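Worksheet: the structure to be examined is printed underneath.
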Amino acid sequence: MLLGWWDTAARDLPWRRPDCTAWGVLISEIMLQQTPVSRVEPIWHEWLARWPVPSAMAASSQGEVLRMWGKLGYPRRAMRLHEAATAIARDHGDVVPSDIETLESLPGIGSYTARAVATFAYGQKCAVVDTNVRRVVARAVHGAGDAGPPSTKRDLRDVEAILPEDQHDAAVFSAALMELGALICTAKNQKCADCPLYTECAWQLAGRPAYAGPEKKVQKFAGTDRQVRGKLLDVLRGAPGPVPKIQLDVVWNDVTQREKCLVSLLSDGLVEQSHDGLFHLPGEGIVEQSHDSSPSARRIVQQSHDGLFPPPDRGIVQQSNKGTI
DNA sequence: CATCCGTGGGG
DNA sequence: TCCCCAAGGAT
């Protein structure tokens, strides 16, 4: 069945190897949220080499993490992972927690990721429900063409109901369910002929009826704030240091949307503005050696002016380093 | 519960 | 070309 198929068909991914730490598993799970394996794998290796333990990442700036994140997308994931690393180092002895409740209390870790870490890093027996699993269950168990809208409670119950008794088997089963959804029981162009569940799949036995549920909405991207934010952040990622606002202005014509997105990036902590008016990744502002008695003290250079942002009538964001008026 | 949050590759 | 995603989470 599924366990046998796993032994022969599972991909040899680095975060599945026996010597991979729970920290390595956690990083992979965060990166794999909405991002394909092929793009995650090389970055994952770089991250593990650079930050072998959570405290190592906690010691780096957020900007450094964002740079290493590169273009994996949804950079808030990187910010939250940095936050989580800080909390793990500070509150959990630099050890990734193993219980679902504690994991879920960490930023960026929801139901899926908490259960994935508990299962794949610690071998626990618990339901792991992602979009692949929901689709496999919808077909193999319910005979539907695809999963309907998520229903956390019901989805969890469905998977718990089919989990093997044995703890180790259950963990492998969970991984196999996801792998089946990723390789065979895909959303489109599914490879039923190669499926280990072919003879018992409810969908197959029912003649593979088309999906009947509510239509799934496809998110637009072109022209959205998401695209604009991506362009703005890409400028800062590509620059070695703080940049003047004019370099951000050129990436998008619509001034209103551009300003709105810049403000939202500042609000999200993905971008910072120095007192000299330049924009930079978080933690990468201009610093100078302090003249304080304490040798390690550093501070952001401050220039005299009336405030970070100019009065509303002069626009949203300060453009020069001359201060207001 | 619906919407928002990036990105690059495949059909 | 354009459309549709690909191992979610937070609000």
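Here the structure is a predicted model, which is why all the values come from computation and not from measurement.
In this structure, OH of A:Tyr211 is placed 11 Å from P of C:dC5, rounded to the nearest angstrom. When rounded to the nearest whole Å, the span between CZ of A:Arg134 and P of C:dA6 equals 13 Å. Regarding A:Arg226, its CZ atom lies at a distance of 13 Å from the C1' atom of C:dA6, rounded to whole Å. Distance CG (A:Leu106) to P (C:dG8): 19 Å, rounded to an integer number of Å. Between A:Arg77 atom CZ and C:dA6 atom P there is a gap of 15 Å when expressed in whole angstrom units. For the pair A:Ile184 CD1 and C:dA7 P, the computed distance is 14 Å after rounding to whole Å. C:dA7 atom C1' lies 4 Å from atom OH of A:Tyr112, rounded to whole Å. One can place CD of A:Gln190 at 12 Å from P of C:dA6, the figure rounded to the nearest angstrom.
Less than 6.0 angstrom separates the ring centroid of A:Trp69 from the ring centroid of A:Trp47.
Within 4.0 Å of A:Asp268, counting heavy atoms only, lies no atom of the nucleic acid at all. Contact annotation for A:Gly110: backbone-only contact, meaning every heavy-atom pair under 4.0 Å involves sugar-phosphate atoms and none involves a base. Among the atoms of the strands shown, none is found under 4.0 Å from any heavy atom of A:Gln227. Within the 4.0 angstrom heavy-atom criterion, no nucleotide atom of any strand lies near A:Ala116. Looking at heavy-atom distances under 4.0 Å, A:Thr224 makes no contact with the nucleic acid at all.
Taking the ring axis of A:Tyr211 as reference, the NZ or CZ atom of A:Lys216 stays within 45° of it and closer than 6.0 Å to the ring centre. For A:Arg258 and A:Trp252, the positive end is not near the middle of the six-membered ring at less than 6.0 Å and at most 45° from its axis.
When DNA chain B is scanned in the 5' to 3' direction for atoms under 4.0 Å from non-hydrogen atoms of chain A, the outermost contacting nucleotides are B:dT3 to B:dG8.
For the P atom pair drawn from B:dT3 and C:dC5, the interatomic distance equals 16 Å after rounding to whole Å. Across the P atoms, C:dG9 and B:dG8 are found 23 Å apart, a figure rounded to whole Å.
One finds the CD1 atom of A:Ile30 at 4.5 Å from the CD atom of A:Gln33 (value rounded to the nearest 0.5 Å). Summarising the geometry, atom CD belonging to A:Glu83 is positioned 11.0 Å from atom CD1 belonging to A:Ile109; distances are rounded to the nearest 0.5 Å. Atom OG in A:Ser28 sits 9.0 Å away from atom CZ in A:Arg16 (nearest 0.5 Å).
Between A:Thr131 and C:dA6 there is no side-chain N or O to OP1 or OP2 distance below 4.0 Å.
Here the rule is salt bridge (charged side-chain N to carboxylate O under 4.0 Å, His left out) with A:Asp225, and of A:Lys231, A:Lys260, A:Lys220 only A:Lys260 fits it.
With hydrogens and angles ignored, the 3.5 Å screen pairs no side-chain donor or acceptor of A:Arg39 with any backbone N or O of A:Leu32.
Positionally, the nearest nucleotide of DNA chain B for A:Ser151 lies more toward the 5' end than for the other of A:Pro75 and A:Ser151. Of the two residues contacting DNA chain B, namely A:Asn189 and A:Phe221, the nearest-nucleotide position lying further toward the 5' end is that of A:Phe221. Comparing A:Ala114 and A:Lys188, the nucleotide of DNA chain C nearest to each residue sits closer to the 5' end for A:Lys188.
A heavy-atom distance below 4.0 Å to DNA chain B is reached by these residues of residues 8-44 of chain A, ordered by number: A:Gln34, A:Thr35, A:Arg39.
Around atom NE2 of A:His142, more than 12 heavy atoms belonging to other residues, nucleotides or ligands sit under 6.0 Å away. More than 12 heavy-atom neighbours from other residues, nucleotides or ligands sit within 6.0 angstrom of CZ on A:Phe221.
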